[in-house]
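Every value quoted in this text rests on a predicted model; they were computed, and no experiment measured them. In what follows, residues are counted from 1 in the order of the sequence shown. The figures that follow rest on heavy atoms only: side chains count, while hydrogens, waters and symmetry mates do not.
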Amino acid sequence: MAAAMTLVFVIAVVVSSIAITNTLRYQQEKIVEYTLESTVSYAKQNDFNLPTYYNSQIIQIAVIDQEGDIVKYNGMASPTNQAAAGEFVEANLFGNGKEIYYSTQFGQNVLAVAKSVDNYIVRITFAYLGYGQIYSQLFNPLFITYVICLAICYLISILLAKRMIKPINEVASYLEDVLLNEENEDITIKDSEYNIILSKAKRISRRVNSQMRKIQFEKSRINSILDQMKEGFVLLNEKNQVIMANKKARQINSAAFVYKQPAGAFFFDRKILDAIESVDEEIKFDYQSIDRIYSCIITKVEFGVTILFINVTDNRKAIQMRSEFFSNVSHELKTPITAIRGYSDILMAGYIKNPKTLSDIYVKINKESVNMTNLVSDILMISMLENNAIEVEYSDIRLTNVIQDVVEAQSKLIHDKNLAVSVECDDISYHANYKHIHQLFNNLISNACKYNKDNGKVDIKVMEQDTYINIIVSDTGRGIAKNEISRIFERFYRIDDGRDKETGGTGLGLAIVKHIAAHYKGVVTVNSVIGEGSKFVVNLPKKSKGH
């Protein structure tokens, strides 16, 4: 604002200087005309006697005849013939003449004005004040005046600028706080036209704050939803900068999220980065994390790229387990079926005549059919436990009775190995399916007997605690190696495949125990030492699933 006022002032100075100069020149010309008229009138009345008084700017007053000779003059310069003077020629021709020129006689610019009077020419010569002379005379007073005026204008401009800028700064500060979404006090500018702008700014502020709150709410809700997703989700903009990444995506890539960070700073897998650069519509591939398998789906969208990580670990494992299951089932069924078919072919051929040999063959056929029946039964049991395929009946079961039934069923094996079996069971009734509980105890106790050494011991304890029922079955058998404990609950897994088959097991017993425990929200743990035996502990909650 000060610069603008200074420019206006300079323009005013130039205009005023020109006006003053023109005014002075106009006044000078008026003085010349008045002096000439006075001199002519006086000359007529006094027989061309020149006046004794004259203006301080008059250099010479002269009366010139028709030949150009000076008849009378005031003695201020040596007279010479003026026939060639411009003002003399004009006065002879037109009655009046005027000429501005530099006079060598007077050593300065002069203004000569002539007028024809009674066959004579009256001429008055003035010192001519040009622009330069006028300015030189006016410079000092004008300069002082202009400096004072300039200082006053500058001070006034500063005061006006402060007065005008203060409300503007207040409005600007208010709007800046609105843009930064900060709390701002309500302000009012007194006696100012800026209140109109301020009132509109306040309305805009309220709208902006309302929209910002809505945006923040929507952003928080979207982030909350995304963080609850089991899938990892990442959103990139057109420049492949990360603008959104949920909690699961950060965990999968072991990376912290920074807004608008390059994709290369978030993803460390070259395969993902290459896919982001080359994606046209959609690219899908498997991404292997530390202990998980994810299906990575990269899709090109209008505003960037989306990356979705779907955990397919269980699906891949299920496919693998299903493949292994069918392979194992086929293998396990193949043995008894092959044996039964072989023996039946021998019988059909009629080669065996010896009654004792025939009896042995019948016994073996029966044994293989029993093994095959047990295998199918165990497979169906696991399938039903995994899928809850059918509704089962629940009742209060006395665990003591179940243990007695199982021990009696294993009495022949116990007698053959001369095992010492001890049972310690509280008087407990458990609400469950009888077949499930019987199968659980039967598999634990039968394993403890099968894989025990001769003259060994089997300890069975059932104790009731605050929230759980603890079932403990210990033996003094061959034990289980640490690296195999984690696998013994897998279907068809055998520690020693050859020796285990001799015992007649299907390889599904412990898998069934694990599934039954899980069905009732319980857990199974194992402690074992090679050569000393094993201890299986099953913890079942008192309130079972079927209660």
Side-chain angles (χ1 to χ4, degrees), residues 181 212-325 386-388 482-483 485-487 489-491 511 514-515 517-519 521-526 539 541:
N181 199 25
M212 289 297 293
R213 285 192 294 270
K214 290 180 180 179
I215 292 172
Q216 290 293 338
F217 175 76
E218 291 297 328
K219 181 180 178 181
S220 299
R221 187 170 68 171
I222 291 172
N223 287 336
S224 178
I225 293 172
L226 290 176
D227 284 341
Q228 295 300 318
M229 289 174 57
K230 294 181 179 180
E231 296 79 14
F233 177 79
V234 180
L235 177 62
L236 308 180
N237 60 15
E238 297 88 343
K239 297 180 180 179
N240 287 340
Q241 296 172 327
V242 182
I243 59 176
M244 186 177 293
N246 68 351
K247 182 179 180 181
K248 189 64 178 179
R250 297 194 297 270
Q251 292 175 349
I252 293 171
N253 294 278
S254 301
F257 168 63
V258 179
Y259 183 69
K260 285 193 175 181
Q261 67 186 123
F266 187 82
F267 298 106
F268 302 104
D269 191 279
R270 188 71 252 173
K271 187 176 182 181
I272 296 177
L273 296 175
D274 291 341
I276 291 173
E277 293 293 336
S278 62
V279 62
D280 185 21
E281 291 184 358
E282 181 178 291
I283 297 177
K284 185 176 181 180
F285 57 89
D286 283 349
Y287 171 68
Q288 181 71 48
S289 182
I290 298 174
D291 56 349
R292 296 286 188 274
I293 301 173
Y294 296 93
S295 178
C296 182
I297 303 173
I298 300 178
T299 307
K300 186 75 172 180
V301 293
E302 182 179 356
F303 46 82
V305 178
T306 62
I307 299 98
L308 188 64
F309 295 92
I310 302 175
N311 189 348
V312 294
T313 306
D314 293 339
N315 185 41
R316 295 289 190 274
K317 287 183 177 179
I319 294 173
Q320 183 180 0
M321 289 177 63
R322 189 179 300 115
S323 176
E324 292 178 353
F325 175 77
E386 286 182 341
N387 301 314
N388 293 318
K482 289 183 179 181
N483 61 335
I485 287 179
S486 61
R487 300 197 60 190
F489 294 101
E490 295 178 9
R491 287 172 287 195
K514 179 183 177 181
H515 279 78
H519 182 77
K521 307 300 181 185
V523 294
V524 183
T525 57
V526 183
N539 292 326

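A518 is linked by a side-chain contact (heavy atoms from CB on, under 4.5 Å) to nothing, counting only residues two or more places apart in sequence or in another chain. Remark: K239 engages N237, Q241 in a side-chain contact (heavy atoms from CB on, under 4.5 Å) (not counting sequence neighbours). For E282, the side-chain contact (heavy atoms from CB on, under 4.5 Å) partners two or more places apart in sequence, or in a different chain, are I297, T299. By the side-chain hydrogen bond (donor to acceptor under 3.5 Å, both in side chains) test, N311 pairs with T313, sequence neighbours left out. Under the rule for a salt bridge (Lys or Arg N to Asp or Glu O under 4.0 Å), the partners of D274 that lie at least two apart in sequence or sit in another chain are R270. Remark: D286 engages R316 in a salt bridge (Lys or Arg N to Asp or Glu O under 4.0 Å) (not counting sequence neighbours). Residues meeting the salt bridge (Lys or Arg N to Asp or Glu O under 4.0 Å) test with E238, sequence neighbours left out: none. For E302, the side-chain hydrogen bond (donor to acceptor under 3.5 Å, both in side chains) criterion is met by no residue, not counting sequence neighbours. Applying the ring pair (Phe, Tyr, Trp, His ring centres under 6.0 Å) rule to F266 yields no partners; only residues at least two apart in sequence or on another chain are considered. Partners of N240 under the side-chain contact (heavy atoms from CB on, under 4.5 Å) rule, at least two apart in sequence or in another chain, are L236, I276, E277, V305.
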Under 3.5 Å, side-chain donor or acceptor atoms of residues 246-260 against the rest of the protein: list the pairs with distances, not counting sequence neighbours.
unit_1, atom_1, unit_2, atom_2, d
N246, OD1, F233, N, 2.9
N246, OD1, A249, N, 3.0
N246, ND2, L226, O, 2.8
N246, ND2, E231, O, 2.9
R250, NH1, A245, O, 2.7
N253, ND2, A249, O, 2.9

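Residues in residues 277-299 take part in these ring pair (Phe, Tyr, Trp, His ring centres under 6.0 Å) pairs, two or more places apart or across chains: Y287-F309.
H519 places no side-chain N or O within 3.5 Å of a backbone atom of H515 that could act as its donor or acceptor partner. Between the side chain of S220 and the backbone N or O of Q216 there is at least one donor-acceptor pair closer than 3.5 Å.
The two atoms that bring P262 and V242 nearest to each other are O-CG2, 4.3 Å, heavy atoms only. Pairing each heavy atom of A517 with each of V524, the nearest pair is CB-CG2, 3.6 Å.
We find the CD1-CD1 distance between I298 and I283 to be 6.0 Å, quoted to the nearest 0.5 Å.
Remark: E281 CD is loosely packed, at most 12 non-hydrogen atoms of other residues, nucleotides or ligands lying under 6.0 Å away.
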